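Per chain, numbering begins at 1; letters A, B, ... match sequence-line order. The structure presented is a predicted model; accordingly, all values stated were derived computationally and were not measured. Both backbone and side-chain heavy atoms feed into the values below; hydrogens, waters and symmetry mates do not.
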Amino acid sequence: MTRVVRALGTHTLGLLELLGAMALLQLRITRALFPPRYDARETWRAFYKVGVKSYPIVIMTALFTGAIMVIQSGHFVAKSGATSFVGWAAGFAVLAEIGPILIGLMFSGRVGANNTAELGTMVVTEQVDALRALAIEPIHYLAVPRFLAMIVMLFLLTALGDLFALIGGAITADLMVDIPMKVFLRQVFDAQLLDEYLLGLLKGSFFGMAIAVVSCHYGLTVRGGATGVGRAVNAAVVAAAIAIFVADFFVGVVWTVLSK
Amino acid sequence: MIEFREVDKAFGQKVVLKRVSLVVEKGEVRFIIGSSGAGKSVLVKHLVGLLRPDGGRIFLDDEEVTELTEQQYYRVRKKCAMVFQNSTLFDSMTLVENVALPLRKHRHLKQKEAEAEAMGFLEKVQMDRLAGRYPADIGDGLRKRVAIARALTMDPEYVIFDEPTTGLDPLAAANVDRLIRELSDVFGKTSVVVSHDLRSIFTVADRIAMLYKGEVLLDGTPKEFRGTSNGIVRQFIEGRPDGPFEFPRIHGA
Amino acid sequence: MSSLAPTPATAEPQKRAKRPIPRQSKANRPLLYPLAAFRRGATLFLETLLWCIKPGALKRRRRQILEQLFVIGNKSVVFITVTLGVLGLISVFQVLVQVERILPDFSMIGPAFIQIMTREFAPTMAGLMIATRVGSGIAAEIGSMVVTEQVDALRMCNADPVDYLVMPRFVASVIQTTLLSIYGCVIGVASGFIAAGLFWNIPAGTFFNLQLVAYGDVVSGLMKAVAYGMAVPIVAAQAGLETSGGSEGVGTATTRAVVNASFSVVVLDFLLSGFSFLFLSKGPM
């Protein structure tokens with residue numbers, strides 16, 4: 001019994017410590033955002049890498065996501081015969097919830113993990129110390145550009161991915177559920193899902209922020225050589241997935257409460 | 001002038017520095033020697049604030065730097081450049097971009113101007129012809145030269161070398177040695193060199209301090225080292241496997 | 001082996017210098033890469049299956065399988081509880097806010113939610129989480145065994161790495177993914193009810209109603225769970241076995257495993273959803 005309590009206590013403390021460290025990192029990054037004197041080259045590089053690395057996988061995922069959602073809402077329709085419902089249901093699910101989440105998870109696996117590995121390698125090869133020795137602040141130079149790039153890029157990728165999801169949905173609707181593409185897209189437009197689209201974009205930006213902070217934290221605190229880097233990447237993707245769901249919850253609740 | 005006054009440092013249970021006191025005079029080439037794990041690198045990392053002491057004080061030009069915050073340390077680091085053991089060039093940048101980075105950050109030069117100026121520094125270490133290459137493309141010795149060029153960009157008064165010749169072939173090592181000597185003789189810099197390379201110790205050093213088990217065992221000129229009667233020092237500089245020298249126990253490895 | 005291959009033009013924005021040594025290039029090779037990788041993955045899958053059906057194979061590897069069962073379960077339970085719990089809460093919340101405007105009647109929300117959780121979200125989200133949590137672990141583990149030449153050492157002892165390393169993980173993953181999908185479904189539905197009960201006072205009797213859950217839904221959900229359970233360890237082990245470039249390569253292998261395993265979950269979800277839509281939902285219920 002005492003062992004269980006003690007284990008629980010250690011875990012809780014560890015979790016609190018981790019959350020504290022990440023909050024601190026978030027704070028330091030936020031403070032470094034102003035005044036906006038970003039390193040132009042590093043920022044450009046971060047944007048380029050983040051965008052280029054992730055957009056193929058995000059678009060593929062989005063296409064499939066739209067298709068899956070259409071099939072799933074087709075299930076309901078097959079029984080009730082209310083075909084007009086497909087556009088709304090699939091559109092709603094994709095734009096408000098599943099699209100941002102799946103895009104975010106893929107982005108985290110691709111960009112977040114990569115970022116942790118890259119920063120972690122810089123830590124274990126003393127490149128981060130070298131920056132400090134050159135009197136260059138690592139948060140300012142390394143974390144801030146990545147932070148900005150991930151927020152902006154995940155926002156844009158969600159915006160783009162949602163459209164591809166609808167295209168994937170339209171193709172599937174035509175081929176499998178016997179709803180012509182035009183009709184499906186008309187349904188989606190008629191459903192007036194602008195609010196949901198915006199909610200998804202907001203979620204995307206928050207996911208980007210969460211992934212950035214989590215992946216930078218795990219990358220910059222790597223210990224124990226190259227095996228440490230592997231471990232950190234592992235921990236980072238898991239933590240980022242949890243962060244995505246938690247952010248999803250809070251953004252969703254706050255949005256619905258405010259828009260009521 | 002750099003002064004360490006009774007500096008203590010431990011990592012967990014493992015005591016690395018025990019009341020180490022050491023003075024580095026302006027313009028000299030100061031060697032800190034000792035076997036691997038004796039705490040040499042740890043000591044010099046304290047000077048630029050990459051590590052913080054558990055006890056004792058550190059002075060730089062009569063200013064105490066022990067208690068500075070990370071922000072305040074940036075000023076110190078511009079005065080004391082560091083050349084890391086593995087050179088630690090940034091993988092993602094070309095050599096000239098590596099050297100240009102501090103120029104861009106601290107002198108706020110445009111990329112073009114910074115790179116033009118960086119070429120000048122690369123010339124000093126005869127690396128200008130490879131400026132467009134990436135660190136992974138060149139050998140250790142050449143990387144070291146670029147790292148030295150990068151350290152010089154901030155016009156530091158002190159340059160700290162962490163094992164500059166370890167892992168280099170003899171010719172590359174001799175080249176680096178000559179560069180260190182020139183920094184002092186031609187450019188008037190002060191160098192602190194952490195090393196266990198016996199050859200460079202006696203060709204380059206003005207004064208030497210030997211760390212042993214976290215303490216300064218002997219502090220003097222190369223001549224004094226050659227003439228010492230201390231058995232441990234003798235064994236170390238003669239490189240004999242047997243003798244009174246106790247090798248540090250390996251922790252956790 | 002890859003050190004002579006040119007880096008794809010996309011890897012670096014700078015134009016000035018050619019860079020002969022690719023750092024993390026394997027994952028974004030040109031178009032043919034996915035095809036070749038898919039073929040190697042399929043080969044590995046068949047090889048693993050062969051090892052599984054060898055007489056006495058499961059019994060011989062019983063210890064490793066049990067160990068992996070524990071490892072996978074231990075790694076994933078909390079993770080799946082948190083993620084599917086949150087997903088259940090937020091989904092029901094958002095849907096109810098929408099439905100509130102259209103229908104006065106909430107009685108179908110519970111059954112419909114349970115149905116779609118069973119058929120789609122529980123296995124797929126659990127699969128994605130296992131791909132993240134377990135897939136990255138398998139890749140890291142096997143990858144570091146490759147770079148430290150432990151895999152070669154296995155070969156020298158006449159132990160096939162597929163039999164010895166991949167097969168136990170494969171079997172354990174199939175079992176655990178199925179169990180964890182069921183568990184995730186329970187968690188998701190329970191937390192969905194928390195949202196429904198807390199904010200809309202929907203009684204438990206109305207919410208926990210299995211009337212819509214048909215035979216086809218259960219089969220579809222289980223089929224997906226088993227398929228993900230098969231795909232994730234294969235994709236991850238492939239990434240691990242193909243690790244190159246020393247210990248830094250392990251990090252690359254790990255990231256590749258996460259993305260590839262997650263993506264294969266999404267693709268399988270699409271294929272199996274389509275399959276069950278066409279063949280399972282229209283039949284007799």
[X], part contacting chain C, at a heavy-atom distance under 4.5 Å:
X: A:Ile71; answer: both
X: A:Leu63; answer: neither
X: A:Thr61; answer: both
X: A:Val233; answer: side chain

Within this structure, what is the OG-CG distance for the pair C:Ser136 and A:Asn234, rounded to the nearest 0.5 Å?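 Answer for the OG-CG pair, C:Ser136 versus A:Asn234, is 3.5 Å.
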Starting at OG1 of A:Thr256, measure out to CD1 of C:Ile90 and round the result to the nearest 0.5 Å.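 Reported value, rounded in 0.5 Å steps: 6.0 Å.
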Could you check if a side-chain atom of A:Leu199 sits within less than 4.5 angstrom of a side-chain atom of C:Gln94, using non-hydrogen atoms only? yes
Validation row: C:Phe263, A:Phe64 side chains within 4.5 angstrom (heavy atoms): yes
Counting neighbours of CZ on A:Phe206 that are heavy atoms of other residues, nucleotides or ligands and sit closer than 6.0 Å, is the number greater than 12? no
Top contributor to chain A contacts, counting heavy-atom pairs under 4.5 Å, from C:Gly143, C:Gly137, C:Ala140, C:Ser144: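 The answer is C:Gly137.
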Which answer fits C:Leu84, side chain, backbone, both or neither, if we ask what part of it has an atom under 4.5 Å from a heavy atom of chain A?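 It is neither, since no heavy atom gets under 4.5 Å.
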Side chain C:Arg119, main chain A:Gln72, donor-acceptor under 3.5 Å: yes
